[in-house]
Amino acid sequence: MSDIYLLIGGNKGNRLKYIKNAVDRIRDGIGNIIRISSIYETEPYGFKDKKQFLNICILVKTKLTPHGILEILAGIEIYLGRIRKADRYMSRCIDIDILFYDNIILNDTSLIIPHPEFHKRNFALIPMAEISPGFIHPVFGKTISSLLEESTDRHEVVLFHDPAF
């Protein structure tokens, strides 16, 4: 069994419902969810929008390959109504990224693991640090806590209070 860390977020529609549905589908299609971070509300990254994102990080145990996971995640996004466009920074109902798969380093035309921008984004670092602060980034050789301390990202990330999640 492998450990994978996923970042789930979105800023369109019923943000919380989309995240809950994604988590349920990940549990059904990918594996056992071991940890779930708190929900964080964050400013859009790379573009301006009035609607804030909700983001969580989850740790999942799986038997699937990285490419198998990617295929299932793409299917979940489509099922939930995600429409991909050329602009990678835009509002979306759901976005699910593979942050880490064990400690592998993978770089091919369809998938890069670890996520190449992870260490630059507090909306990913903060929830990941909550559930696995001591995880060591396989490229940088630093813990998630250290990467967060070194982060220069100044986008606002705040705890989102929803007792129903």
_Min side-chain heavy-atom separation F53-P44 under 4.5 Å_ = yes
*Test F100 against F135 for ring-ring contact (aromatic ring centres under 6.0 Å, His included), laying out the working first.*
CA-CA 10 Å; F100 299 98; F135 181 84; 4.7 Å; yes
*Is the backbone of K61 close enough, under 3.5 Å, to the side chain of D3 for a donor and an acceptor to pair up by distance?*
no
*Step by step, would you call K120 with D153 a side-chain contact (heavy atoms from CB on, under 4.5 Å)?*
CA-CA 6 Å; K120 299 177 184 177; D153 180 8; over 6 Å; no
*Could you give the distance from CD1 (I33) to OG1 (T62), rounded to the nearest 0.5 Å?*
11.0 Å
*Atom CD1 in I94, atom CD1 in I19: separation rounded to 0.5 Å?*
6.0 Å
_Name of the residue among I98, L99, I144, I58 meeting side-chain contact (heavy atoms from CB on, under 4.5 Å) with Y5_ = L99
*Nearest heavy-atom pair of Y40 and S37: which atoms, and what distance?*
CE1-OG, 4.4 Å
*Hey, quick one: are I8 and V158 part of the same hydrophobic cluster, counting side-chain heavy atoms closer than 4.5 Å, chains of contacts allowed?*
no
*Is a side-chain donor or acceptor of R15 paired with a backbone partner of Q52 at a separation under 3.5 angstrom?*
yes
_With a 4.5 Å cut-off on side-chain heavy-atom distances among I, L, V, M, F, W and Y, is there a chain of contacts connecting I136 to L147?_
no
_Between I30 and I36, is there shared hydrophobic-cluster membership here, with clusters defined by ILVMFWY side-chain heavy atoms closer than 4.5 Å?_
yes
*Atom of K142, atom of S146 and distance for their closest heavy-atom approach*: CB-CB, 4.2 Å
*asked:* Rounded to the nearest 0.5 Å, what separates atom CD1 in I26 from atom CG in N21?
replied: 11.0 Å
*Between CG of L64 and CE of M1, what distance do you get to the nearest 0.5 Å?*
9.0 Å
*Do you know the tightest heavy-atom contact between P138 and N103?*
CB-O, 3.3 Å
*Given V157, which of N122, L125, N55 fulfils the side-chain contact (heavy atoms from CB on, under 4.5 Å) condition?*
N122
_With rounding to the nearest 0.5 angstrom, report the CD1 to OG distance, I34 to S132._
10.5 Å
*asked:* For E43, is there any backbone N or O sitting under 3.5 Å from a side-chain donor or acceptor partner on E156?
replied: no
*hydrophobic_cluster_shared for I104 and I112, side chain cutoff 4.5 Å*: no
*Could you pull out the closest heavy-atom pair between G134 and T143, with the gap in Å?*
O-CG2, 3.8 Å
*State, without any angle test, whether S110 and H67 hold a side-chain donor-acceptor pair at a distance under 3.5 Å.*
yes
*Looking only at non-hydrogen atoms, find the nearest pair between I56 and S38 and report the distance.*
CG2-O, 3.6 Å
*Using the benzene-type ring in the case of Trp, are the ring centres of H137 and F140 under 6.0 Å apart?*
yes
*Stepwise, does the side-chain contact (heavy atoms from CB on, under 4.5 Å) test hold for H155 with T42?*
CA-CA 7 Å; H155 288 83; T42 66; over 6 Å; no
*For the pair E130 and R35, find out whether any cationic side-chain nitrogen is under 4.0 Å from an anionic carboxylate oxygen.*
no
*Should the pair R25-D28 be classified as a salt bridge under the 4.0 Å nitrogen-to-oxygen rule?*
no
*With a 4.5 Å limit on heavy-atom distance, are the side chains of Y101 and I69 in contact?*
yes
*Considering residues, nucleotides and ligands other than E150, do more than 12 of their heavy atoms fall under 6.0 Å from its CD?*
yes
*Atom CZ in R121, atom CE in M128: separation rounded to 0.5 Å?*
15.0 Å
